[in-house]
Amino acid sequence: MKLLNNRTASNHKKHIETLLKSSEETIICVAFLKMSGLELLIEKLNNKCVFYVGTDFYLTEPNALKKVIQKGYN
């Protein structure tokens, strides 16, 4: 398990990609999900991936949620 925040990793994408290579299961928890961020990583995710996405304040993009569902992630 690894918690990333703005104080510990200057390049989140690179750090996440490194972790995904060695993970058996991935749990993604985000306050809101945008296509711009999802597209950077979706092809690198393994089959055992679970998303917890906030929908308050209407900041999560519906197309991002649709993409997650289309890929078969929970």
Sub-3.5 Å donor-acceptor pair from the side chain of N46 to the main-chain atoms of S23, do we have one? yes

Test item: E25 side-chain N/O and K48 main-chain N/O as donor-acceptor pair under 3.5 Å: no

Please lay out, stage by stage, how Y73 and N47 fare under the test side chain to side chain contact (heavy atoms under 4.5 Å, CB included). CA-CA 8 Å; Y73 299 124; N47 291 334; 5.6 Å; no

Find out whether [X] and [Y] are in side-chain contact, i.e. whether some heavy atom of one side chain is under 4.5 Å from a heavy atom of the other.
| X | Y | result |
| --- | --- | --- |
| Y52 | I27 | yes |
| L45 | F51 | yes |
| L33 | E61 | no |

Distance in Å, E39 CD paired with K67 NZ, rounded so as to fall on 0.5 Å steps: 7.0 Å

Rounded to the nearest 0.5 Å, what separation is found between the CG atom of L19 and the NZ atom of K44? 13.5 Å

Are K71 and E43 ion-paired here, with the side-chain N under 4.0 Å from a carboxylate O? yes

Looking at K13 and E17, does any basic side-chain N land under 4.0 Å from a carboxylate oxygen? yes

Would you say F32 ends up clustered with V50 if hydrophobic residues are merged whenever their side chains have heavy atoms under 4.5 Å apart, either directly or through other cluster members? no

Single-linkage hydrophobic cluster, 4.5 Å side-chain cutoff, V30 and L20 together: yes

Looking at every heavy atom in both T60 and A31, which two are closest together, and how far apart are they? OG1-O, 4.1 Å

Closest contact, heavy atoms only, A64 versus M35: CA-SD, 3.4 Å

